[in-house]
Amino acid sequence: MTSRAARADELRAQIEEANYRYYALDDPQITDAEFDALLRELVELERKHSELQTPDSPTQRVGAVASQRFAPYEHARPMLSLANAVSVDELRAFDERARKLAGTEIEYVCELKIDGLAIALDYRDGSLTRGGTRGDGRVGEDVTASLRTIKTIPLRLRSTSFDKLRMTGSTPKFLEVRGEVYLRKSDFERLNAEREREGLPAFANPRNAASGGVRQLDPALTAKRRLSFFAYQLAVDEGDRSAPKTQWDALARLRTLGLPVNPHVHRAATLDEVIEYCTSSERKRDSFDYEIDGVVVKVNDFAQQERLGVVARDPRWAIAFKFKPREARTKLVDIAITVGRTGTLNPSAVLTPVQIGGVTVKSATLHNVDYIKNNDIRIGDTVLVTRAGDVIPRVVGPVLSERTGRERKFKMPQRCPVCGSDVDHPPDEAMSRCTNAACPAQAYERLRHFASRGAMDIEGIGDVMAQQLTELNLVRDIADTYKLNESALADVPRMGKKSSENLLRNIEASKQRGPARLLYGLGIRFVGTQTAQILVDDFGTIDAIADADDQTLQRSEGIGPEVARSVALFFKQQPNREMIERLRETGVVMSAPKRLRIGGALSGKNFVLTGTLPNLTREAAAELIVAAGGKVTGSVSKKTDYVVAGSEAGSKLTKAEQLGINILDESGLQALLE
Ligand code: IVH
């Protein structure tokens with residue numbers, strides 16, 4: 001065997017494998033660009049050396065094998081694929097050849113190339129009867145049931161336009177629509193977030209999710225993915241006199257029939273206009289809520305299309321201008337941890353630098369430990385990296401075929417890489433967190449929370465001020481708030497004497513808010529206003545809470561193991577203890593008279609708040625109820641004693657009525673409290 005023949009064999013094997021992974025397994029391990037490169041090389045090789053061509057070469061068919069899970073869907077006309085142009089020069093060559101063959105100037109229609117899954121839809125007498133995937137172009141999979149769940153695919157064509165068509169005397173008894181099923185980026189993010197919560201591996205990209213979604217045997221699963229559809233091709237009965245004669249008119253007709261057509265289409269009189277449209281679309285690529293990977297350039301006039309014909313697998317009347325690929329393979333050298341502003345430990349990939357879509361990428365997000373585990377990503381792996389939209393690049397997953405066995409599994413550190421404190425990873429959560437309230441990485445968020453209305457309520461410390469105070473290092477942790485003075489505040493830009501005085505007065509006043517507000521203000525995971533109030537009611541002082549162990553804490557009503565663990569872990573951290581000491585030294589009130597909750601007017605009663613009350617905010621109402629020994633919960637159940645309803649109360653009120661629960665307005669609540 002010559003080395004050329006060996007190379008052709010190798011290419012065929014690689015392409016078959018890639019096709020199989022892409023279409024049958026939905027788990028591609030090479031990028032589109034890499035696939036295209038392989039195919040191009042093979043096409044080229046077979047063109048130059050025709051003796052190398054085999055009847056079963058992947059160059060001889062349009063797409064790939066249909067999986068056996070579905071009934072076959074035979075296409076009346078083959079579903080063609082498109083040749084690619086990866087440069088402006090290749091677009092020019094396409095245009096030159098087309099003009100030469102047509103013998104005239106050519107008008108083009110440019111459409112965005114939606115990155116999804118091509119499908120065909122059969123409409124008979126205006127009703128959707130069948131739908132299928134492209135498959136190998138001749139036979140695809142019958143996925144009618146899945147396609148029916150896609151809301152943007154009309155089950156009936158719009159009858160008005162349909163009847164108009166009838167009036168022309170040529171009833172389109174049969175009509176075929178082709179187009180792209182895709183997933184919006186926003187729906188893709190939501191879907192992946194859901195899958196992450198369920199412990200399922202995330203989808204690499206919207207196209208894979210769309211393709212897998214259509215090819216679900218259970219249509220209910222398809223429906224869950226919220227797929228969308230754009231139509232771009234129309235075929236009507238032969239001999240239909242009203243049939244559109246150009247692509248431009250076909251798109252218009254699709255629209256009147258009620259099919260969704262992408263609005264970004266452009267009719268171009270010259271190739272320069274085509275090029276301009278292609279380059280400007282590539283620039284705007286991120287502004288669309290769906291992935292596009294190029295622009296499809298089509299000869300507008302159908303008669304001209306006919307004349308140009310089809311060669312091998314590709315029509316000569318259309319070409320796909322492909323954007324720069326935004327996926328690449330590279331080496332995952334290490335996994336680094338950064339600490340976010342809320343204390344989350346965020347793993348990020350340290351990559352061997354690689355070009356993706358014209359940008360050098362050397363790091364990428366890995367989201368969280370579960371993501372790394374679910375996708376079996378290991379240090380040392382060759383990984384697939386995408387850079388979609390303007391978001392940070394993301395590691396999609398390992399290329400398993402490149403595994404050498406020397407890869408290492410990743411373990412989340414037990415200590416915060418910024419401050420060395422314990423890391424907490426609640427069993428039901430995706431993120432690990434640093435438990436140190438004084439961790440420098442968290443200063444801003446902590447201060448914002450500490451000063452917020454439900455906590456120490458320091459007017460004057462909002463988003464901007466909190467940012468300035470932390471960036472200028474005037475406040476490293478919340479205790480520093482009480483060390484601020486006029487000379488320190490003089491460093492804050494645009495801070496006048498008057499506002500400085502006001503701020504200091506508000507800070508001083510906040511010392512008296514009491515231990516419950518303070519406890520809430522510390523920003524301990526799972527400790528909201530109500531939990532803070534319960535703990536303070538039961539223990540009386542911050543110190544007593546800090547000294548209580550897990551078990552003791554759980555004796556308080558409504559304090560479950562999760563909350564108790566989190567509270568105990570917080571106070572176990574030395575820096576947190578020291579911070580409490582510094583708060584005490586500045587005179588922040590840390591204890592309240594221990595109150596016997598049993599005696600409260602609302603003792604043992606469960607409340608649900610809903611709607612807007614005329615005077616009290618919901619937080620204020622909750623505080624009053626809790627102070628009187630009552631409990632506030634989020635949802636109405638048989639255990640609920642009272643529902644306090646304001647204006648625009650919704651389903652909670654309805655449910656309360658159904659269950660026959662006492663319903664109060666604000667004055668009713670006030671009466672109870674007295
Ligand atoms: S026209 C012969 N128009 O790109 C014409 N295709 O290889 C065939 N695609 O399989 C397709 N957007 O899945 C056309 N506006 C568009 C398209 C589009 C996306 C996909 C389609 C096709 C592939 C081309």
Side-chain angles (χ1 to χ4, degrees), residues 342-344 414-416 421-437 446 449-450 454-455 513-581 583-584 589-600 602-609 619 622-641:
T342 56
T344 53
Q414 301 294 300
R415 303 204 155 265
C416 170
S421 299
D422 282 343
V423 164
D424 184 23
H425 187 160
D428 297 332
E429 289 194 24
M431 300 311 283
S432 303
R433 273 166 216 277
C434 169
T435 50
N436 173 10
R446 294 261 179 195
H449 174 74
F450 185 71
R513 300 275 184 257
R517 306 264 296 253
L518 172 63
L519 182 63
Y520 170 66
L522 293 175
I524 303 170
R525 192 102 184 104
F526 305 127
V527 179
T529 18
Q530 204 192 339
T531 305
Q533 188 68 57
I534 292 172
L535 287 170
V536 167
D537 283 348
D538 285 358
F539 289 85
T541 65
I542 296 285
D543 291 340
I545 298 168
D547 290 339
D549 62 15
D550 226 308
Q551 293 305 315
T552 319
L553 288 166
Q554 281 192 52
R555 275 188 228 133
S556 279
E557 197 190 330
I559 308 293
E562 207 179 31
V563 184
R565 213 183 102 271
S566 173
V567 172
L569 192 60
F570 179 90
F571 287 109
K572 210 184 102 195
Q573 308 306 314
Q574 199 49 40
N576 292 345
R577 289 286 192 147
E578 284 162 12
M579 191 178 75
I580 302 281
E581 279 322 298
L583 282 167
R584 189 196 318 278
V589 172
M590 302 245 167
S591 54
K594 199 156 152 181
R595 195 168 45 75
L596 272 183
R597 296 172 67 239
I598 329 279
L602 308 183
S603 163
K605 298 290 182 210
N606 290 312
F607 284 76
V608 172
L609 299 167
E619 289 70 32
E623 228 172 84
L624 290 172
I625 293 169
V626 172
K631 221 178 129 181
V632 181
T633 59
S635 58
V636 177
S637 74
K638 272 187 257 156
K639 286 198 203 142
T640 310
D641 296 296

Looking only at heavy atoms, which two atoms of [X] and [Y] are closest? And how far apart?
{"X": "N436", "Y": "S421", "answer": "CB-OG, 3.2 Å"}
{"X": "P515", "Y": "G540", "answer": "CG-O, 4.3 Å"}
{"X": "M579", "Y": "A437", "answer": "CE-CB, 3.6 Å"}
{"X": "S635", "Y": "V608", "answer": "O-CG2, 3.6 Å"}
{"X": "L522", "Y": "F571", "answer": "CD1-CZ, 4.1 Å"}

Does some side-chain heavy atom of L583 sit less than 4.5 Å from a side-chain heavy atom of L518? yes
Taking the side chain as everything from C-beta on, heavy atoms only, tell me whether S556 gets closer than 4.5 Å to F539. yes
Can you tell me how far apart [atom1] ([X]) and [atom2] ([Y]) are? Round to the nearest 0.5 Å.
{"X": "L535", "Y": "L519", "atom1": "CG", "atom2": "CG", "value": "6.0 Å"}
{"X": "M590", "Y": "D543", "atom1": "CE", "atom2": "CG", "value": "7.0 Å"}
{"X": "Q533", "Y": "I625", "atom1": "CD", "atom2": "CD1", "value": "12.0 Å"}
{"X": "I580", "Y": "Q573", "atom1": "CD1", "atom2": "CD", "value": "12.5 Å"}
{"X": "H449", "Y": "I524", "atom1": "NE2", "atom2": "CD1", "value": "9.0 Å"}

Between R565 and the options D424, D550, D549, the salt bridge (charged side-chain N to carboxylate O under 4.0 Å, His left out) test singles out D424
Quick note, salt bridge (charged side-chain N to carboxylate O under 4.0 Å, His left out) partners involving residues 521-535, not counting sequence neighbours, are E429-R525
Could you tell me whether the side chain of [X] and the main chain of [Y] form a donor-acceptor pair under 3.5 Å?
{"X": "R433", "Y": "T344", "answer": "no"}
{"X": "N606", "Y": "K639", "answer": "yes"}
{"X": "R446", "Y": "G523", "answer": "yes"}
{"X": "H425", "Y": "Q414", "answer": "no"}
{"X": "T435", "Y": "D422", "answer": "yes"}

Q) Should R577 and D547 be marked as a salt bridge (Lys or Arg N to Asp or Glu O under 4.0 Å) after you check the CA-CA gap, both sets of side-chain angles, and the distance that decides it? A) CA-CA 10 Å; R577 289 286 192 147; D547 290 339; 3.2 Å; yes
F607 meets the ring pair (Phe, Tyr, Trp, His ring centres under 6.0 Å) criterion, sequence neighbours left out, with Y642
N576 meets the side-chain hydrogen bond (donor to acceptor under 3.5 Å, both in side chains) criterion, sequence neighbours left out, with none
- Query: Would one find more than 12 heavy atoms of other residues, nucleotides or ligands at under 6.0 Å from atom CD of E581?
  - Reply: yes
Test side-chain contact (heavy atoms from CB on, under 4.5 Å) on D538 and I545 and set out the steps.
CA-CA 9 Å; D538 285 358; I545 298 168; over 6 Å; no
